[in-house]
Amino acid sequence: MALLQISEPGLSAAPHQHRLAVGIDLGTTNSLVATVRNGISVVLNDEDGVALLPSVVRYQTDGAVQVGIAAQVVQSEDPQNTIVSVKRFMGRGLKDVGEVIDLPYRFVDPASTGSGQALGMVQLRTVAGVKSPVEISAEILKVLRDRAERSLGGDLVGAVITVPAYFDDAQRQATKDAAKLAGLNVLRLLNEPTAAAIAYGLDNASEGVYAVYDLGGGTFDISILRLSKGVFEVLATNGDSALGGDDFDQRIYCWVLEKAQLSQLGAHDTRLLLTHARAAKEQLTEHAQTQITALLSNGELVDVTLTRDAFYDMTQNLLTRTLQPTRRALRDAKLNVDEVKGVVMVGGSTRMPQVQRAVTELFNQTPLTNLDPDKVVALGAAIQANVLAGNRSADDWLLLDVIPLSLGIETMGGLTEKIIPRNTTIPSARAQEFTTYKDGQTAMSIHVVQGERELVVDCRSLAKFELRGIPAMVAGSARIRVTYQVDADGLLSVSAREMTSGVESVVTIKPSYGLSEGDITRMLQDGNQHARDDMQARALREQQTEAGQLLEAVENALQQDGAALLDDASQAHIRSSMDALRDVLNGNDHLAIKRAVEALNQATVIFAQARMDRSVSHALKGHNMSELEN
């Protein structure tokens with residue numbers, strides 16, 4: 001019996017042909033590329049046998065661009081043209097960068113450049129001109145692409161590029177744009193913790209529930225996955241998109257400034273001390289103390305000793321910021337720590353002893369480090385790329401990833417109606433029907449939001465668009481179906497369709513830049529801490545919305561039929577109830593509004609019956625019983 005392997009159209013490999021695909025870990029501190037050779041995922045080295053490419057880009061006056069070690073060694077000499085940790089600026093606006101202190105760059109507000117390329121993303125002025133984080137990241141990806149093509153001896157079919165699980169739509173889109181500039185075909189964007197789980201699970205044939213603790217140079221992610229017979233199911237994810245090893249460096253840098261009584265440093269000295277701070281952090285992984293010695297541009301010598309205990313004390317709150325999302329992820333997955341079979345450590349920053357100790361204490365077990373934390377993400381991405389290129393049957397294993405934050409829509413009263421809840425498996429599509437608010441309404445504004453709070457003002461606005469051409473009907477008669485679709489890359493598109501007429505509008509969500517530092521973490525924390533307040537606020541808005549609709553309906557009815565059907569006393573009674581409702585409408589007591597609504601409903605019972613009777617009489621006038629029976 002012959003066996004046939006079915007692949008995606010255009011991606012099937014001939015028996016003698018292996019389609020060249022790679023996995024790329026575009027990291028904050030270091031980047032690397034991996035592929036699958038002879039069924040085994042391996043990292044590709046440069047011509048010197050080095051796997052890690054420092055994520056450092058230097059622009060020179062002659063137009064040349066240095067990437068990697070060559071740029072890294074001169075970062076203190078040319079700090080304003082040597083960009084380090086550019087990943088932290090991907091999809092971010094100028095106001096977000098303002099929250100990061102002591103950076104030696106010349107930031108540019110994109111609105112002042114007249115360039116539409118960045119669309120709100122911060123840019124950096126260099127000797128080679130103004131550069132966006134997308135362009136800078138593309139330089140790193142070009143080097144990795146060239147390395148892969150030289151190592152593999154041919155052109156690449158495509159690449160799977162990893163991103164932090166907590167990257168939002170803008171940050172993910174910026175990553176795809178950078179890959180396009182670098183000449184790469186993106187097969188998929190893959191969350192970094194999920195990539196690590198793929199590498200670890202397939203390498204060790206592991207099964208059970210695993211936590212992936214990913215602390216990189218600029219981001220922190222925690223994912224809880226269940227591995228079972230080749231199925232990788234992400235149960236929950238959490239984290240902080242602006243917390244990483246760079247922040248630990250900053251704490252050392254600030255400590256040095258305080259100890260040496262320094263202030264108002266220039267770009268050169270700032271970058272010099274930040275470089276020494278990173279080296280000190282790495283030294284303290286193996287040693288109990290380290291010496292920080294630097295000669296500043298004014299001739300002043302900095303010479304201080306930093307102990308591991310002092311480093312632990314100054315970074316304790318940063319470590320706590322990783323443990324809080326970890327606990328929330330466990331709660332979201334409805335698991336206790338004793339149900340976690342293993343903890344996979346990802347990212348170079350997990351080598352810090354205090355991180356290892358904290359994770360050990362939280363999970364009551366020693367973390368798994370048998371795979372290099374710097375390489376495990378790229379190895380997992382390579383395995384996924386190999387499948388998507390058609391070199392391996394996707395039936396061998398199944399990947400089920402999730403979205404990190406709920407996606408919703410604004411409804412009347414400024415309320416958030418969640419369409420796709422957080423930790424929903426992707427790709428995913430959800431639809432929900434809404435209706436019109438006023439008689440004769442022919443258009444509807446669709447406001448797409450992201451977050452966990454009940455009120456729109458507390459969530460992140462992603463996009464707004466309009467559905468026009470709705471047939472004029474009485475309020476509540478139109479049926480508008482709003483559909484949210486999240487693809488495998490975590491990117492969102494939204495469509496709205498009026499069901500009777502078929503009028504439709506579609507928008508692909510591409511916000512101008514990503515969430516500000518701590519926004520995502522704040523959304524989840526606020527969602528938990530303010531749950532009761534949110535429910536009360538929601539109840540108030542709902543009552544206010546209902547009251548407003550009732551007042552408008554009663555007012556219209558009185559103008560049309562009040563004089564014909566009611567005497568002056570009855571009209572006065574209804575008007576009095578309406579005034580009582582208006583008096584409490586803008587207050588904060590939803591129960592008072594509810595009582596006033598009930599009172600107005602009661603006051604209009606006879607009026608409503610009279611209007612109904614007259615409508616029935618008009619409908620029956622001129623018809624006999626036989627006609628009605630027919």
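Numbers for residues simply follow the sequence, beginning at 1. What you see below is based on every heavy atom in this structure, not just the backbone, and it leaves out hydrogens, waters and symmetry mates.
We find the CD-NE2 distance between Glu282 and His287 to be 12.5 Å, quoted to the nearest 0.5 Å. Rounding to the nearest 0.5 Å gives a distance of 5.5 Å between CZ of Phe167 and NZ of Lys87. Atoms CG and CG, from Leu52 and Asp25 in turn, are 9.0 Å apart once rounded to the nearest 0.5 Å. To the nearest 0.5 Å, atoms CG (Asn30) and CG (Leu53) are separated by 7.5 Å. Tyr484 contributes atom OH, which lies 9.5 Å from atom CD of Gln432 (distance to the nearest 0.5 angstrom). Atom CG of residue Leu379 and atom CG of residue Leu371 lie 7.0 Å apart, to the nearest 0.5 angstrom.
Contact check for Leu318 versus Phe248: side-chain heavy atoms found under the 4.5 Å cut-off. No side-chain heavy atom of Asp48 sits less than 4.5 Å from a side-chain heavy atom of Ile69. The shortest distance between side-chain heavy atoms of Val346 and Thr350 does not fall below 4.5 Å. Side-chain contact between Thr326 and Phe363: present, with at least one pair of heavy atoms (C-beta onward) separated by less than 4.5 Å. At a threshold of 4.5 Å between non-hydrogen side-chain atoms, the residues Thr275 and Gln72 do not count as touching. Taking 4.5 Å as the limit, every side-chain heavy atom of Asn45 sits out of range of all side-chain heavy atoms of Arg147. Lys341 has its side chain out of reach of Val209: every pair of non-hydrogen atoms, C-beta onward, lies at least 4.5 Å apart. Side-chain contact between Met345 and Val212 is absent, with no heavy-atom pair separated by less than 4.5 Å.
Pairing each heavy atom of Lys142 with each of Leu181, the nearest pair is CE-O, 3.7 Å. The shortest heavy-atom contact between Phe232 and Ala197 is CE2-O, 3.4 Å. The nearest pair of heavy atoms linking Leu215 to Gly244 is CD1-CA, 4.0 Å. When all heavy atoms of Met90 and Pro133 are compared, the closest pair comes out as SD-O, 3.5 Å. Between Ser349 and Gly216, the closest heavy-atom pair is OG-O, 3.2 Å. The shortest non-hydrogen separation linking Leu187 to Ala21 is CD1-CB, 4.2 Å.
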Show your reasoning for whether side chain to side chain contact (heavy atoms under 4.5 Å, CB included) applies to Phe311 and Gln354. CA-CA 9 Å; Phe311 179 45; Gln354 65 263 44; 3.4 Å; yes

One pair to check against salt bridge (Lys or Arg N to Asp or Glu O under 4.0 Å): Asp246 and Arg278. What are the steps and the verdict? CA-CA 8 Å; Asp246 286 358; Arg278 176 170 294 178; 2.7 Å; yes

Any chance you could lay out the side chain to side chain contact (heavy atoms under 4.5 Å, CB included) test for Val186 and Lys180, step after step, and finish with the verdict? CA-CA 8 Å; Val186 179; Lys180 184 177 180 180; over 6 Å; no

Apply side chain to side chain contact (heavy atoms under 4.5 Å, CB included) to Leu407 and Ile419, showing your working. CA-CA 6 Å; Leu407 296 165; Ile419 305 294; 5.6 Å; no

Determine, step by step, whether Ile222 and Thr237 satisfy the side chain to side chain contact (heavy atoms under 4.5 Å, CB included) criterion, reporting the C-alpha distance in whole Å, the side-chain angles of both residues, the deciding distance to 0.1 Å, and the verdict. CA-CA 6 Å; Ile222 178 73; Thr237 189; 6.0 Å; no

Just do the side chain to side chain donor-acceptor pair (under 3.5 Å) check on Asn386 and Arg37 with the steps written out, would you? CA-CA 10 Å; Asn386 195 48; Arg37 280 177 168 162; over 6 Å; no

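Remark: side-chain polar atoms of Thr28 are paired, donor with acceptor, to backbone N or O of Gly218 under 3.5 angstrom. The backbone N or O of Val134 lies less than 3.5 Å from no partner atom in the side chain of Ser137, so there is not a single donor-acceptor pair. Between the side chain of Ser85 and the backbone N or O of Arg88 there is no donor-acceptor pair closer than 3.5 Å. Side-chain atoms of Ser406 never come within 3.5 Å of backbone atoms of Pro421 as a donor-acceptor pair (strictly under, hydrogens ignored). Between the side chain of Thr175 and the main chain of Gln171, a donor-acceptor pair closer than 3.5 Å is present. For Thr360 (side chain) and Gln356 (main-chain N/O), a donor-acceptor pair under 3.5 Å exists by modelled atom type. Glu139 places no side-chain N or O within 3.5 Å of a backbone atom of Val57 that could act as its donor or acceptor partner. A donor-acceptor pair under 3.5 Å links the side-chain atoms of Asp221 to the main chain of Ala165, judged by distance alone. Between the Arg251 side chain and the Met314 main chain, a donor and an acceptor come within less than 3.5 Å of each other.
A search for side chain to side chain contact (heavy atoms under 4.5 Å, CB included) contacts involving Ala333 returns Ile224, Leu235, Ala236, Leu335, not counting sequence neighbours. Residues satisfying the side chain to side chain contact (heavy atoms under 4.5 Å, CB included) criterion with Ala279, sequence neighbours excluded, are absent altogether. For the side chain to side chain contact (heavy atoms under 4.5 Å, CB included) test, residues two or more places apart in sequence or in another chain that qualify with Arg145 are Glu149, Leu156, Leu184. Every residue meeting the side chain to side chain contact (heavy atoms under 4.5 Å, CB included) condition with Thr290, not counting sequence neighbours, appears here in chain and number order: Ala280, Gln283, Leu284, Leu306. Residues that satisfy the salt bridge (Lys or Arg N to Asp or Glu O under 4.0 Å) test with Asp46, not counting sequence neighbours, are absent from this structure.
A donor-acceptor contact closer than 3.5 angstrom is absent between the side chains of Asn336 and Arg331. Between the side chains of Tyr213 and Thr322, at least one donor-acceptor pair of N or O atoms lies under 3.5 Å.
A salt bridge does not link Asp247 with Arg321: none of the charged nitrogens is closer than 4.0 Å to a carboxylate oxygen. Comment: Lys281 does not engage Glu286 in a salt bridge, judged by the lack of any side-chain N to carboxylate O separation of less than 4.0 angstrom. Salt bridge annotation for Glu47-Arg150: present, with a cationic side-chain nitrogen under 4.0 angstrom from a carboxylate oxygen.
Each of Leu26, Ile24, Val43 was evaluated against Leu32; a single residue qualifies, Val43, per the side chain to side chain contact (heavy atoms under 4.5 Å, CB included) test. Of the options Val67, Val33, Ile161, Val22, a side chain to side chain contact (heavy atoms under 4.5 Å, CB included) to Leu144 is made by Val33 and by none of the others.
Pairs engaging residues 350-363 under the salt bridge (charged side-chain N to carboxylate O under 4.0 Å, His left out) rule: Arg351-Asp372, Arg351-Asp374 [sequence neighbours left out].
Counting non-hydrogen atoms of neighbouring residues, nucleotides and ligands closer than 6.0 angstrom, the CG atom of Asn38 reaches no more than 12 such neighbours.
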